[in-house]
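Take a look at the structure set out below.
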2 protein chains.
Amino acid sequence: MSGNSGRLGDSTGRIGIGLDLDATHMKILEVLRENGRISVAALAERVGISRANAYTRFEALRADGAIKRFTAEIDHLRAGLGITALVFVTVRQQMWKQFRAELARMPEVEYCAITTGQHDAMIQVRVSDVAEVHRLVTERMANIPAVKATETVFILDEVLRRPYVLPTDRDAGRTSRRAAPEPADVPLGKMRFVGAAEGRAALRKDG
Amino acid sequence: MSGNSGRLGDSTGRIGIGLDLDATHMKILEVLRENGRISVAALAERVGISRANAYTRFEALRADGAIKRFTAEIDHLRAGLGITALVFVTVRQQMWKQFRAELARMPEVEYCAITTGQHDAMIQVRVSDVAEVHRLVTERMANIPAVKATETVFILDEVLRRPYVLPTDRDAGRTSRRAAPEPADVPLGKMRFVGAAEGRAALRKDG
DNA sequence: GTTGAAATTAGTACGAA
DNA sequence: TTCGTACTAATTTCAAC
């Protein structure tokens with residue numbers, strides 16, 4: 001496995017640790033993901049370092065790629081895209097390259113991830129009405145040879161979206177859970193993990 | 001259905017069109033989602049309006065909620081969270097409130113959406129290693145009474161993440177697809193839509 | 001909705017701790 | 001490395017058009 005995440009924008013195969021992030025770096029990231037437009041001066045104050053230091057670290061994080069980009073979160077409903085759907089795609093093996101190329105030409109696609117399990121990829125699309133989902137899936141996706149099958153579900157509500165999870169969050173969130181109950185005192189049967197092999201095998205039955 | 005999206009941060013039930021966005025507003029959003037830290041002066045220039053106008057519109061978009069927030073996209077791998085997984089959750093009916101409350105206490109959760117289909121919700125989690133996924137699902141999620149069952153898949157690669165889709169993207173992306181082939185000249189059998197009712201019914205069998 | 005000038009703030013450079 | 005200060009450039013605000 002080439003490792004997931006972290007290689008979205010940059011097509012450089014580089015994975016190695018460019019700079020190791022200390023607690024101050026993390027604090028900076030924490031502030032920046034909440035308010036991407038904060039001035040470096042205000043950032044320095046909130047983190048508790050000097051302005052010059054903040055500039056240095058800010059640039060370092062950017063240059064290293066730890067900060068990939070700054071973006072505005074748009075309200076899709078107000079922007080005219082009130083319908084969100086997930087399309088789970090089964091991709092014909094060795095046609096991944098074509099699949100990715102086609103994805104790039106579909107502006108409705110906001111996110112695409114390769115997954116283990118029954119399907120090969122999950123894509124999230126935003127459109128203005130439900131009919132468009134149908135058109136997108138049956139007309140455009142169906143015409144991609146790389147796409148063997150799809151399964152579509154609609155998103156009824158987005159309960160939460162965090163501006164990007166950081167390892168430091170864990171300590172904060174676990175406070176009220178310190179004296180955790182004995183693990184696995186609950187029937188494990190209801191929890192299911194779906195690995196890649198299992199999914200692929202199940203797939204070949206109706207291939 | 002209360003309509004999806006657009007109501008993440010704001011708990012005000014307001015849905016109505018605060019201001020209707022014209023082409024200039026859209027251009028502004030287009031620029032800001034690519035570069036959330038651009039100065040308003042530079043933004044004005046790129047959009048082709050005066051600075052004062054840009055300030056006015058910028059503030060209006062912010063106040064209206066069309067821009068929800070500005071954030072930095074972090075490289076999870078560099079931040080120490082190299083593992084991403086999707087957990088599909090079946091929620092016991094009328095325990096949604098509890099489910100949401102528990103989610104809020106799990107910092108590993110980056111995203112949660114209520115979906116139609118076989119499961120009720122999909123959550124995306126980021127952790128540092130695969131063992132943590134196991135712990136999270138079998139120990140912490142299993143202990144939530146609202147959680148009836150889960151199914152977990154791993155994300156092997158994130159192919160694309162757009163900084164937020166806008167309706168204007170459609171026109172740009174469709175250029176090379178203008179002379180589209182006749183619709184639905186492909187076997188429809190391989191495309192499957194999963195509605196809520198179907199999913200819920202299938203669920204009751206093993207409830 | 002635009003332009004231009006004043007006030008404020010941001011970004012840079014450099015020496016000292 | 002980090003900090004503090006001084007300097008320069010840019011941005012934001014506010015005015016009149």
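Quick note on labels: first sequence line is chain A, next is B, and so on, each numbered from 1. As a basis for the values below, the full set of heavy atoms in this structure was taken, side chains included, without hydrogen atoms, waters or symmetry mates.
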d([atom1], [X]; [atom2], [N]) in whole Å:
{"X": "A:Lys27", "N": "D:dT2", "atom1": "NZ", "atom2": "P", "value": "13 Å"}
{"X": "A:Tyr55", "N": "D:dC3", "atom1": "OH", "atom2": "P", "value": "15 Å"}
{"X": "A:Leu43", "N": "C:dA10", "atom1": "CG", "atom2": "P", "value": "11 Å"}
{"X": "A:Phe58", "N": "C:dG11", "atom1": "CZ", "atom2": "C1'", "value": "12 Å"}
{"X": "A:Arg57", "N": "C:dG11", "atom1": "CZ", "atom2": "C1'", "value": "18 Å"}

key: Check: B:Arg51 side chain, C:dG1 base, donor-acceptor under 3.5 Å   = no

Please tell me which of the listed nucleotides, [options], lies nearest to the side chain of [X]?
{"X": "B:Ala52", "options": "D:dT13, D:dG4, C:dT3", "result": "C:dT3"}
{"X": "A:Asn53", "options": "C:dA10, D:dT12, D:dC3", "result": "D:dC3"}
{"X": "A:Val40", "options": "D:dT13, C:dG11, C:dT2", "result": "C:dG11"}

inquiry  = Base, sugar-phosphate or nothing for B:Arg37? Non-hydrogen atoms, less than 4.0 Å.
reply    = nothing

query = For B:Ser50, which contact category applies under a 4.0 Å heavy-atom criterion: base, sugar-phosphate, or nothing?
reply =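 Here B:Ser50 touches the bases of the nucleic acid.
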
query = Is a salt bridge present between A:Arg161 and A:Glu158, judged by a nitrogen-to-oxygen distance below 4.0 Å?
reply =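 Between A:Glu158 and A:Arg161 there is a salt bridge, with a charged N closer than 4.0 Å to a carboxylate O.
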
ask   = Hey, is B:Glu102 close enough to B:Arg140 for a salt bridge, meaning N to O under 4.0 Å?
value = no

request  = Select from A:Gly48 and B:Ile38 the residue whose nearest nucleotide in DNA chain D is closer to the 5' end of that strand.
outcome  = A:Gly48

message = Tell me which pairs pass side chain to side chain donor-acceptor pair (under 3.5 Å) where either residue lies in residues 48-61 of chain B, with sequence neighbours left out.
response = B:Asp22-B:Arg57, B:His25-B:Arg57, B:Asn53-B:Arg57

Test item: side-chain donor near acceptor, B:Thr71 and A:Glu73, under 3.5 Å = no

